[in-house]
J.: 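Dumping the structure here so I can ask a few things about it.
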Amino acid sequence: MAQPSQYSEQDQRRWSDACLVAKIVAIDPAGLGGIWVKSQAGPVRDQWLKGFLDLIEGQVSLIKVPTNADEGALIGELDLLKTLAQQKKIYSQGILDQIQNGLLLMPMAERMKSHTAALLTQAFDIKGQFGMIAFDESLTEEDQHLLTRLEERLGFQINLEGLSYRQCTFALESIDILQIRANFKLIEVPIEALEAIMIAAQSFGIDSLRAGLYAVRAARVLAAMRGSEYLEQGDIQMATRLVFAHRITRLPQSKEDQVEQNPPEETPPDDLPNPNDLPPPPNEPPPSDQQSADEKKQDNLEAPTDAPSLNRQDLEKMIIEASKANLSQNLLDSFDQNLKIIKTNESSQGKVGQLQKGLLSGQAMPSRKGRPSYKHKVDILKTIQAASPWQKIRRLEMQGDRASAKGIIVKADDIYLKQFVQRTTTVTVFVVDASGSSAMDRLSEAKGAVELLLAQCYIRRDQVALITFRGKTVELVLPPTRSLVRAKRLLAGMPGGGGTPLAAAIQDAAQFGKKLKSKGQTPLLILLTDGRANVALDGVGGREQAFQDALVCAKKARAEQLKMLFIDTSMRPQEANQTMANELGAHYLPLPQGKSASVVQAAKILID
């Protein structure tokens, strides 16, 4: 079945923009930062990349940066073989030293380590000799995302997802990149255009100054591509649309709203003199009519006749309308309702547990000097690199047969030890109140909240465990597992009724969390209860004693320093439950009727 014409036109526009952005960045890679390409690996992305490589062939250099590139690959490192041969330190040339006014191609950029991204952005800010093409294969909010420090420095974003390969033919034109690059630098930007671009960026909630500067530079490139020496409205409109569209966080306010928030200032009284009516200073005689006429004639002769006139207010309106045209209707509706676009930050990129330093395994970190032992691994290469420059001096210091002995002389100060970091597994432990009071009022609502949290745990590949308490018992219904189906089945068949042994539940949950920590895992306890404790720690009924026992157990549990979320399932928030949450050191969250989804965001924040 053929696609609707509107859908095809939208896809064609996306592809045309992708081809145009490729040409703009090829002309000025360092000045425009580069391109953020949101696309999975496939024929459409390959087609775009092939066309881009054909476009820059022989004119712009391109170097591929491996996903696992380390510090040595980027900025260079000690060349061990040459150092040993020449008996002096010889360093290899890194990727950042090789690139000059070219581009770095970064596949799977969303998986780039923070340390690698920091080195790239630091070199970009200091040297400014390259641009970047970052392929981002993330699709959902839960996937790993491009680091914010990279997003800000990439001038453009193109989205190739959902495009048909048959409709994507790279609009390749024979353009002289080097000539256009030299021409666009001669194009001046009128102050009216600069002010309009910066004001429009501010009205869209774009706080970074880079975006406005990228838009100005892109407009100059577009003018040079047309062969013009001056900026026109079309250049500014196209540049701001391509640079601003994916950065917008809010829509500009109407004039009525601005007047309400910023009332006009009071007009000065009529008796104040008009500055235009004031006499000239005594040292400057008033200009004669003939002199004024000559100056005006001279200004007209010096003014360029071919430069189009630009009005700041008209440009500002045009920029706003052009940028809004790229937004979907759903996004426009969300802006109208004053909803914010919440981007996943660096700290939540695929994180499933806390970082824990390991000695023998895990993700490699830079080696450090230290004393070797059976608990550590010696970094042989790093140790040899540290010792090799000093071989000649050390042999001169030695006497006799030892001086002529072969091999590398290694001292204690040369030894480097390997370091590793491991990401621990998060275990989300649901502690659910199944007593009679909860069963009558909010057990079904609590089950709904748990099911939503289970779905989030499955996305993050967390393990889940389920503890229920009612009557006089606390039971581990589900040991830690990644089986979402099993957890849901047990939750649906969970019975309710009986007393509320809250003190025993807190005590057993804290001990269970402590046991998980001893295994190197990161526990997160989510306690869902109405707080109506009526069974003391010794199993005897009585609300007063049961509440006091629960407070005592809460203070002891807090000493374990566990992450906890206390969800109050009462019909109305209870002050006693807030007190209990404070004693636990837990984040308190009331669960309003019908608002099960509200606990998901709280749990995500607590995990992050």
Side-chain angles (χ1 to χ4, degrees), residues 354 426-439 441-443 445-454 456-457 462 464-470 474 499-514 516-517 522-537 542-608:
Q354 294 178 342
T426 297
V427 182
T428 304
V429 183
F430 298 98
V431 187
V432 182
D433 183 358
S435 62
S437 58
S438 290
D441 296 333
R442 308 298 302 286
L443 186 57
E445 187 72 19
K447 288 182 178 180
V450 172
E451 287 197 8
L452 292 176
L453 289 170
L454 283 173
Q456 293 297 320
C457 293
D462 293 351
V464 296
L466 181 61
I467 296 176
T468 62
F469 59 98
R470 66 189 184 99
V474 180
T500 307
L502 183 58
I506 293 175
Q507 178 177 267
D508 291 0
Q511 292 177 356
F512 185 68
K514 181 180 179 180
L516 293 175
K517 285 185 67 175
T522 303
L524 170 63
L525 304 183
I526 300 181
L527 177 61
L528 296 96
T529 179
D530 58 3
R532 300 178 184 177
N534 54 15
V535 178
L537 197 58
R543 292 187 178 277
E544 183 64 28
Q545 185 60 39
F547 182 75
Q548 294 300 325
D549 288 353
L551 288 178
V552 173
C553 292
K555 292 179 180 179
K556 294 180 179 180
R558 184 171 186 172
E560 302 297 339
Q561 296 182 347
L562 302 172
K563 289 185 177 182
M564 298 186 189
L565 177 62
F566 189 105
I567 300 178
D568 187 357
T569 59
S570 303
M571 295 300 294
R572 296 179 180 177
Q574 301 295 320
E575 184 177 353
N577 290 340
Q578 295 184 27
T579 303
M580 186 69 65
N582 292 335
E583 294 295 338
L584 280 168
H587 179 71
Y588 175 79
L589 180 68
L591 181 61
Q593 185 72 29
K595 297 292 183 180
S596 299
S598 63
V599 303
V600 176
Q601 187 64 27
K604 289 176 65 177
I605 294 174
L606 193 61
I607 292 175
D608 294 341

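The analysis underlying the following values was restricted to heavy atoms, covering all of them including side chains, and did not include hydrogens, waters or symmetry mates.
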J.: Out of curiosity, Thr522 OG1 to Lys517 NZ, how far, rounded to the nearest 0.5 Å?
T.: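 Taking OG1 in Thr522 and NZ in Lys517, the distance rounds to 8.5 Å.
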
J.: Can you tell me how far apart CG (Leu528) and CG (Leu565) are? Round to the nearest 0.5 Å.
T.: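 Answer for the CG-CG pair, Leu528 versus Leu565, is 7.5 Å.
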
J.: Could you give the distance from CE (Met564) to CG (Leu527), rounded to the nearest 0.5 Å?
T.: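 One gets 8.5 Å once the value is rounded to the nearest 0.5 Å.
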
J.: Any idea which heavy atoms bring Ala505 and Val431 closest together, and the distance?
T.: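 Minimum heavy-atom contact is CB-CG1, 4.4 Å.
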
J.: Between atom CD of Gln578 and atom CZ of Phe566, what is the distance when rounded to the nearest 0.5 Å?
T.: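 Separation between the atoms: 9.5 Å.
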
J.: Find out whether Thr529 and Met580 are in side-chain contact, i.e. whether some heavy atom of one side chain is under 4.5 Å from a heavy atom of the other.
T.: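 Heavy-atom side-chain distance check fails, nothing below 4.5 Å.
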
J.: Can you name the closest pair of heavy atoms from Leu584 and Ala557 and give their distance?
T.: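 Nearest heavy atoms, Leu584 then Ala557: CD2-CB, 4.0 Å.
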
J.: When you look at CD of Gln511, are more than 12 heavy atoms from neighbouring residues, nucleotides or ligands closer to it than 6.0 Å?
T.: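 Buried by this count: over 12 neighbours within 6.0 Å.
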
J.: Hey, mind stepping through Ile467 and Asp508 against side-chain contact (heavy atoms from CB on, under 4.5 Å) and telling me if it holds?
T.: CA-CA 9 Å; Ile467 296 176; Asp508 291 0; 5.9 Å; no

J.: Would you confirm whether Asn577, through its side chain, and Asp530, through its main-chain N or O, come within 3.5 Å as a donor-acceptor pair?
T.: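 Checking the backbone N and O of Asp530 against the side chain of Asn577, a donor-acceptor pair under 3.5 Å is found.
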
J.: To the nearest 0.5 Å, what is the distance between CG on Leu466 and CD1 on Ile526?
T.: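 Going from CG on Leu466 over to CD1 on Ile526, the span is 11.5 Å.
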
J.: Atom OH in Tyr588, atom CD1 in Ile567: separation rounded to 0.5 Å?
T.: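 If I round to the nearest 0.5 Å, the distance is 11.0 Å.
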
J.: Measure from the side-chain N and O atoms of Gln574 to the backbone N and O of Arg572, and report whether any donor-acceptor pair falls under 3.5 Å.
T.: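 Judged by distance alone, yes, a pair lies under 3.5 Å.
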
J.: With a 4.5 Å cut-off on side-chain heavy atoms, are Thr569 and Asp433 touching?
T.: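 No, their side chains stay 4.5 Å or more apart.
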
J.: For a 4.5 angstrom cut-off between non-hydrogen side-chain atoms, does Val429 reach Leu516?
T.: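 They are in side-chain contact.
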
J.: Name all residues meeting the side chain to side chain donor-acceptor pair (under 3.5 Å) criterion together with Gln545; count only those two or more places apart in sequence or in a different chain, and write none if there are none.
T.: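 Checked Gln545 against side chain to side chain donor-acceptor pair (under 3.5 Å); matches are Asp549.
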
J.: Please answer whether the main-chain N or O of Arg543 pairs with a side-chain N or O of Arg532 as donor and acceptor at a distance below 3.5 Å.
T.: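 Pair absent, no side-chain N/O of Arg532 close to backbone of Arg543.
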
J.: Okay, side chain of Thr468, backbone of Val432: is any donor-acceptor separation there less than 3.5 Å?
T.: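 A pair under 3.5 Å: no.
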
J.: I want to check something: taking the side chain as every heavy atom from C-beta on, are Phe512 and Pro523 in contact at a cut-off of under 4.5 Å?
T.: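 In short, these two side chains do not touch, never coming nearer than 4.5 Å.
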
